[in-house]
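A quick write-up on the structure given underneath.
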Protein chains: 2
Amino acid sequence: MASIKDVAAAAGVSVATVSRVLNEHPSVSADARTRVLAAVEALGYRPNAVARSLRTDQTRTLGLVISDVLNPYFTELARSVEEEARALGYSVIIGNADERPDLQDHHVRTLLDRRIDGLLVSPTDGGSPLMLDAARGGTPMVFVDRWIPGVEVPVVRADGQRAVRDLVAHLYGLGHRRLAIISGPAATTTGSERVEAFRAALAEYGLDLPDAYTGQGDFQAESGRRVTEGFLDLPEPPEAVFAADNLMALGALDAIRARGLRVPDDIALAAFDDIRWFVHTDPPVTAIAQPTGELGRAAVRALVDRIAGRPGESVTLPARLVVRRSCGAPPAQNPATNRSES
Amino acid sequence: MASIKDVAAAAGVSVATVSRVLNEHPSVSADARTRVLAAVEALGYRPNAVARSLRTDQTRTLGLVISDVLNPYFTELARSVEEEARALGYSVIIGNADERPDLQDHHVRTLLDRRIDGLLVSPTDGGSPLMLDAARGGTPMVFVDRWIPGVEVPVVRADGQRAVRDLVAHLYGLGHRRLAIISGPAATTTGSERVEAFRAALAEYGLDLPDAYTGQGDFQAESGRRVTEGFLDLPEPPEAVFAADNLMALGALDAIRARGLRVPDDIALAAFDDIRWFVHTDPPVTAIAQPTGELGRAAVRALVDRIAGRPGESVTLPARLVVRRSCGAPPAQNPATNRSES
DNA sequence: GGAACTCATGGAATCGATTACATCGACATG
DNA sequence: CATGTCGATGTAATCGATTCCATGAGTTCC
């Protein structure tokens with residue numbers, strides 16, 4: 001592969017001049033410029049990003065560590081992150097943690113070894129020493145969706161509190177009183193927060209959230225299935241189940257179906273995170289939609305600010321309830337209850 | 001950030017010795033080794049992968065350019081690719097082409113600039129000059145899922161021919177005679193191949209595939225919707241629609257639902273690519289399942305072979321039909337029921 | 001006892017870029 | 001005419017690793 005030296009030789013100039021042409025330095029004669037450009041063209045030369053990064057100490061690359069690539073919410077997030085980053089002249093390297101803290105650490109480590117300019121993380125746990133060190137050690141960092149309390153890092157996320165209250169109101173209005181939740185891991189903020197919001201909303205209606213009605217999942221489908229089976233085995237099963245993410249809702253659907261029960265007639269179901277498929281499931285699933293695309297873009301902007309030495313502000317955007325049929329209501333007036341955003 | 005020089009100074013040895021310790025070179029005294037290791041630990045030193053890559057001319061990184069991250073098939077593929085690569089000591093950088101040739105080129109270019117060791121591509125088109133040059137220019141490369149004819153590059157893919165024949169047999173057995181297909185872009189192999197397999201299978205049953213029954217999509221949901229609407233507007237609409245990927249099937253479902261029609265009573269639907277959600281759609285969708293995980297792993301192995309200078313073999317694995325309810329039959333008790341031989 | 005070898009180590013070249021500094025010619029100014 | 005300024009260019013240092021080569025100490029063997 002041709003290097004800058006080859007170009008310099010072909011154009012009859014020094015490597016410094018070639019570099020100047022490539023970096024649009026003003027002090028280059030028109031003659032030199034055309035000769036260099038011609039040589040670049042002739043040799044099919046492309047600057048070696050590795051060498052450039054070593055010298056300039058910047059890679060123009062962002063790291064994104066997400067909790068689970070198989071979760072449509074995160075792929076949509078990843079997509080918007082890459083899009084915005086590209087618009088700002090950055091590349092993105094994605095690391096998939098599969099909800100495993102050890103894998104998350106693996107990715108953070110290799111990303112750091114590659115000297116990425118900044119790191120976007122949706123932590124799967126309360127924070128490993130590695131990540132804490134990186135945050136404190138001056139690596140520009142931004143948390144997205146989930147975060148780690150007590151760390152001085154901007155957070156970009158959706159606030160579901162209002163939407164959860166709307167959901168509980170919706171369920172209550174349909175006559176459901178025994179409401180259960182499949183939560184995420186307590187170590188994640190989205191795991192505990194959603195339970196708290198749910199509990200608080202129930203309290204407003206004078207309802208209680210017994211331990212038997214709070215199942216601990218791990219944001220993966222299988223755990224949703226397991227927890228739901230536990231609910232169904234109860235002497236008095238819940239009338240409605242709220243899954244804290246879309247994959248656990250899928251698992252819940254599996255469990256309910258396996259028992260020959262029907263949604264919403266036998267049991268109501270709702271989920272956090274709205275995805276396209278929820279429109280076509282049997283029945284269409286009522287869900288809380290996050291402004292995923294906007295979250296990704298805001299996170300990138302905050303991170304690029306940090307990289308540039310600017311503060312980088314935290315952003316919280318509202319989530320909203322999208323009512324469909326899985327809780328028992330007839331479809332809303334407007335039959336086209338599709339998703340918006342995106 | 002501490003460099004190898006700092007470690008050398010702290011340990012009282014030269015940088016050469018530090019490097020030897022880190023690379024497990026045999027000629028290092030036990031004493032020097034422990035001092036270096038202690039210094040590494042004390043400084044929290046991590047080797048700079050950028051510098052290492054520049055010197056060794058290898059990044060231990062694979063590039064993966066996929067056609068669409070929002071397509072569950074490709075995220076599953078990406079996941080298995082990353083997994084196998086990690087097991088073999090490689091990282092993976094994913095580029096999402098969004099089915100756009102220009103974006104695909106962008107990612108191939110930046111990946112090449114980063115001097116990745118090898119490239120895994122699922123081309124969105126017939127091949128840009130850039131990619132063709134890279135393939136001929138000696139960049140280790142492997143095509144996965146889709147490929148470009150006439151290029152000397154190993155191909156790892158699933159063969160759906162048999163499964164498509166099984167599907168047609170299934171549809172025929174249910175009494176459907178007017179069968180239509182929503183194809184992918186003709187420039188992609190999976191776009192044209194699936195149509196050809198479908199046409200050939202129809203021929204076996206003495207059926208014809210008129211132009212009006214072949215809609216051209218682009219593997220995105222919206223095109224599935226558009227094409228399906230065209231089908232439904234026909235004076236004699238098809239009795240069954242086969243979508244060449246899962247997203248177009250989703251679009252087809254949208255279109256059918258918007259007309260107030262029902263699957264499979266009013267029209268049958270089947271899709272290429274099986275995904276988890278198809279179990280829970282209304283109705284569950286009959287689909288052709290690819291061995292996605294195995295494809296990803298085989299592709300990585302082939303690529304790593306090429307990188308090591310070994311030949312790197314092409315692999316073709318069979319896809320299989322998964323019958324659900326969207327074509328009209330109750331799920332068959334006996335799997336042999338779907339195999340009505342011609 | 002000395003040649004031949006092995007082993008541990010350090011010095012310095014190298015990878016491919018960027019960039020500070022030096023040089024040189026052309027031109028303007030007093 | 002001497003001096004200063006400016007634009008174009010080249011030389012060489014530099015980034016942080018790896019690795020070739022030289023060196024010197026310690027062993028082995030005849």
Side-chain angles (χ1 to χ4, degrees), chain A residues 1-40 43-61 89 91 109-117, chain B residues 1-40 43-61 89 91 109-117:
Chain A
M1 186 143 259
S3 84
I4 195 170
K5 268 189 204 157
D6 304 318
V7 176
V13 298
S14 73
V15 295
T17 299
V18 176
S19 178
R20 287 194 191 96
V21 171
L22 267 25
N23 292 287
E24 280 160 345
H25 185 101
S27 274
V28 183
S29 67
D31 176 55
R33 169 171 290 112
T34 53
R35 293 219 314 283
V36 167
L37 259 18
V40 164
L43 296 171
Y45 169 75
R46 292 246 84 212
N48 184 327
V50 175
R52 188 204 299 259
S53 293
L54 177 61
R55 182 59 233 254
T56 60
D57 199 34
Q58 53 162 341
T59 49
R60 297 210 64 85
T61 300
S91 296
R109 204 187 320 274
T110 55
L111 254 11
L112 256 23
D113 285 355
R114 279 163 184 284
R115 302 299 192 265
I116 45 145
D117 293 342
Chain B
M1 187 143 258
S3 84
I4 196 171
K5 269 189 203 155
D6 304 317
V7 176
V13 298
S14 72
V15 294
T17 299
V18 176
S19 178
R20 286 194 193 96
V21 171
L22 265 24
N23 293 288
E24 279 158 349
H25 184 101
S27 272
V28 182
S29 67
D31 176 54
R33 170 170 289 114
T34 53
R35 293 219 312 283
V36 167
L37 260 19
V40 165
L43 296 171
Y45 169 75
R46 294 244 85 212
N48 184 328
V50 175
R52 188 203 299 259
S53 293
L54 177 60
R55 182 59 233 251
T56 61
D57 199 33
Q58 54 163 336
T59 50
R60 295 208 69 82
T61 300
S91 297
R109 203 187 319 274
T110 56
L111 254 11
L112 255 24
D113 285 355
R114 278 162 186 284
R115 301 299 192 264
I116 45 146
D117 293 342

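Lettering of chains follows the sequences in order, A, B, ..., and the numbering in each one begins at 1. This is a predicted model, so every value here is computed, not measured.
Nucleotide D/dG7 holds its C1' atom 14 Å from the CG atom of A/D31, rounded to whole Å. One atom, CG of B/L112, and another, P of C/dG16, lie 16 Å apart when rounded to the nearest Å. Rounded to a whole Å, the CD atom of A/E24 is 17 Å from the C1' atom of C/dT19. D/dT14 atom P lies 8 Å from atom NZ of B/K5, rounded to whole Å. In this structure, the CE atom of A/M1 is 10 Å from the P atom of C/dA17, given to the nearest Å. For the pair A/L54 CG and D/dT14 C1', the computed distance is 9 Å after rounding to whole Å.
For B/R55, the listed nucleotide lying nearest its side chain is C/dC15; candidates were C/dC15, C/dT19, C/dT18. Distances from the side chain of B/V13 to the nucleotides C/dA13, C/dG10, C/dA17 place C/dG10 closest. Nearest to the side chain of A/A51, among C/dT18, D/dA17, C/dA17, sits C/dA17. The side chain of A/V15 lies closest to D/dA12, out of D/dG16, D/dA12, C/dA17.
OP1 or OP2 of D/dT18 has at least one side-chain nitrogen or oxygen of B/R52 nearer than 4.0 Å. Considering only side-chain N and O atoms, A/S53 lies nowhere under 4.0 angstrom from the phosphate OP1 or OP2 of C/dA17. Taking side-chain N and O atoms only, A/T17 has a distance below 4.0 Å to OP1 or OP2 of D/dG10. At the phosphate of C/dC15, neither OP1 nor OP2 sits under 4.0 Å from any side-chain N or O atom of A/N48.
No hydrogens or angles were tested; on distance alone, nothing pairs the side chain of B/R115 with the base of C/dG16 as donor and acceptor under 3.5 Å. For B/R20 against C/dG10, a side-chain-to-base donor-acceptor contact under 3.5 Å is present.
Side-chain contact check for B/R114 versus A/T61: some heavy-atom pair is nearer than 4.5 Å.
At a threshold of 4.0 Å, the pair A/R35-A/D31 counts as salt-bridged, since one of the basic side-chain nitrogens sits closer than that to a carboxylate oxygen.
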